[in-house]
*Asks:* 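Below you'll find the structure I mean.
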2 protein chains.
Amino acid sequence: MTTREQIIEAADLLFYHQGYAHTSFSHIADAVKISRGNFYYHFKTKDAILDAVITSRLVFTKGLLKQWEDASTTPTERILSFVHILITNQDKIIRYGCPVGTLNAELAKIDHPFQPAANKLFMLFRTWLKKQFIQLGCNEKADDYALHLLARSQGVASLANSFKDKKFIAREIDFMGEWLKQCCEKEALN
Amino acid sequence: MTTREQIIEAADLLFYHQGYAHTSFSHIADAVKISRGNFYYHFKTKDAILDAVITSRLVFTKGLLKQWEDASTTPTERILSFVHILITNQDKIIRYGCPVGTLNAELAKIDHPFQPAANKLFMLFRTWLKKQFIQLGCNEKADDYALHLLARSQGVASLANSFKDKKFIAREIDFMGEWLKQCCEKEALN
DNA sequence: GTCTATACGCCGATAGAC
DNA sequence: GTCTATCGGCGTATAGAC
């Protein structure tokens, strides 16, 4: 792995764990075990690292969605794959929150020029979920439902992070499963 | 209003608008129009201001809940009062997110000793909502429903902040109203 | 209570040797 | 490509005059 890739990986993790504002060049340089001076050979500004981290996360997320796409045959199963990241990543979520949500919130708060770029991460999930709901037959409401499920997941991540409660996550996943079932039944009537 | 109170008010606003980490003594001193030196007469450390701000928000929130309690006669109406802050404060939420959620997220991320104190704000809403659901007749599920509604609100605030979308907020409020109606009907059957 | 002056460290960023 | 040395600015925090 090149030094540049190592920097992006370390910055990605530190931005998630400590937040963007709180992470300094020294933190990243220490993590990669290079000097601060060398650091500037690879990235001129802090924003340049953020840009690279967001791009890297976008690539990773596209791969993840593709993987869910290939692993399941029905849209319901695919939507449940999305919901289940709350379980898979529950320890990290309880400790650091949702990586997408917390980055967006932080950048929005300081009015950072890259907030729209970070929002593309949400957009990936939104359009992917919308596609699944269209396949379920909810044509006009597909985008509304996609945003709804995204919001529910964000809310669960946010409260799980504040209350440090795993049982709450499990309960909410059940609620989301019931809601999804209701959606399917409603569509079956039409 | 005393200088101390002015400082707390200015810090409260700045912590909400810019975040805790990003707000410096200079920012607050400028807002109150006092010198940095004078500042330290009132608060020795930055954490001391945070402590005062959290206490102030707790007092304000208790007053708000009491107000909702007095203004409505049915638990359903009271719960809807809670839901409607998303509309009342929608401009601020779109710009800065939820003041409770974003503070909790920020403090959790830097592992700040006052994160549990900030979580008391969520706890106020949780126990108040639980009380309303008990009055609705959902005894065993009251706390689950309280956390559920809190999570839904957090999710809406989070995505509204990222996508800057008012129509989304209105739609989700409708969904929450439907959900609440379903809760009532379910209890009426028992 | 309020001010100015000041200490000291960490920040992002640059210059230049190897 | 990697390093050390260094800059100017801002951060928290203190001392002491008024």
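A note on names: the letters A, B, ... follow the listed sequences, proteins ahead of strands, and every chain is numbered from 1.
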*Asks:* Calculate the interatomic distance between B/Lys33 atom NZ and C/dC3 atom P; express it in whole Å.
*Replies:*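 Rounded to whole Å, this separation is 13 Å.
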*Asks:* A/Lys46 NZ to D/dC10 C1': how many Å, rounded?
*Replies:*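 Those two atoms, NZ and C1', are 14 Å apart.
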*Asks:* When you measure from the side chain of A/Ser35, which nucleotide among C/dC11, D/dT12, D/dT4 comes out closest?
*Replies:*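 Per side-chain heavy atoms of A/Ser35, the pick is D/dT4.
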*Asks:* Reckon A/Thr45 has a side-chain N or O less than 4.0 Å from the OP1 or OP2 of C/dG12?
*Replies:*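 A/Thr45 to C/dG12 OP1/OP2: no side-chain N or O under 4.0 Å.
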*Asks:* Parallel, tilted or perpendicular: which describes the rings of B/Tyr96 and B/His17, with under 30° parallel and over 60° perpendicular?
*Replies:*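 B/Tyr96 vs B/His17 ring planes: parallel.
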*Asks:* Measure the distance from NZ on B/Lys44 to P on D/dT12 and round it to the nearest whole Å.
*Replies:*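 Whole-Å distance recorded here is 16 Å.
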*Asks:* Quick one: which of D/dA13, C/dG12, C/dG1 gets closest to the side chain of B/Asn38?
*Replies:*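 When the side chain of B/Asn38 is considered, C/dG1 is the closest of D/dA13, C/dG12, C/dG1.
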*Asks:* Expressed in angstrom and rounded to an integer, what is the separation of A/Asp30 atom CG from D/dC3 atom P?
*Replies:*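 Nearest whole value for this atom pair: 12 Å.
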*Asks:* Of the candidate nucleotides C/dT2, D/dT2, C/dA13, which contains the atom at the shortest distance from the side chain of A/Tyr40?
*Replies:*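 It is C/dA13.
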*Asks:* Give the rounded distance in Å between these two atoms: CZ of A/Phe25 and P of D/dC10.
*Replies:*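 Value for this atom pair: 17 Å.
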*Asks:* Hey, can you tell me if A/Phe15 and A/Tyr20 have their rings parallel, tilted or perpendicular (30° and 60° cut-offs)?
*Replies:*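 Aromatic pair A/Phe15/A/Tyr20 classed perpendicular.
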*Asks:* Centres of the A/His148 and B/Phe168 rings: under 6.0 Å?
*Replies:*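 When the ring centroids of A/His148 and B/Phe168 are compared, they turn out to be at least 6.0 Å apart.
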*Asks:* With the side chain of B/Ile34 defined as its heavy atoms from C-beta on, choose the nearest nucleotide among D/dC3, C/dC3, C/dT6.
*Replies:*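 The nucleotide sitting nearest to the side chain is C/dC3.
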*Asks:* Side chains of B/Trp128 and B/Glu69: is there a donor and an acceptor less than 3.5 Å apart?
*Replies:*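 A pair is found: one side chain offers a donor N or O, the other an acceptor, under 3.5 Å apart.
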*Asks:* Please report the distance, rounded to the nearest Å, between CD1 in B/Ile28 and P in D/dC10.
*Replies:*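 In whole Å, D/dC10 P and B/Ile28 CD1 are 17 Å from each other.
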*Asks:* With heavy atoms under 4.0 Å as the rule, sort A/Thr23 into base, sugar-phosphate or nothing.
*Replies:*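 Sugar-phosphate, backbone atoms only, no base.
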*Asks:* Is it true that B/Lys66 and B/Asp70 have a side-chain N and a carboxylate O under 4.0 angstrom from each other?
*Replies:*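 Salt bridge: yes.
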*Asks:* Which nucleotide sits closest to the side chain of B/Thr3: C/dT2, D/dG1, D/dT14?
*Replies:*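 Looking only at heavy atoms from C-beta outward on B/Thr3, the closest nucleotide is C/dT2.
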*Asks:* Quickly work out the A/Leu50 CG to C/dG12 C1' distance and round it to whole Å.
*Replies:*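 My rounded result for the distance is 15 Å.
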*Asks:* Between B/His42 and C/dT2, does any side-chain N or O lie under 4.0 Å from OP1 or OP2?
*Replies:*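 Yes.
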*Asks:* Which nucleotide, C/dT2, D/dA13, C/dG12, lies nearest any side-chain atom of B/Tyr41?
*Replies:*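 Of all the options, the side chain of B/Tyr41 is nearest to C/dT2.
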*Asks:* Closest to the A/Ser24 side chain: C/dA13, C/dC11, D/dG11?
*Replies:*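 So the nucleotide nearest the side chain must be C/dC11.
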*Asks:* Specify the separation, in whole Å, of atom CZ of B/Phe39 and atom C1' of D/dA15.
*Replies:*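 The distance from CZ of B/Phe39 to C1' of D/dA15 comes to 18 Å, rounded to the nearest Å.
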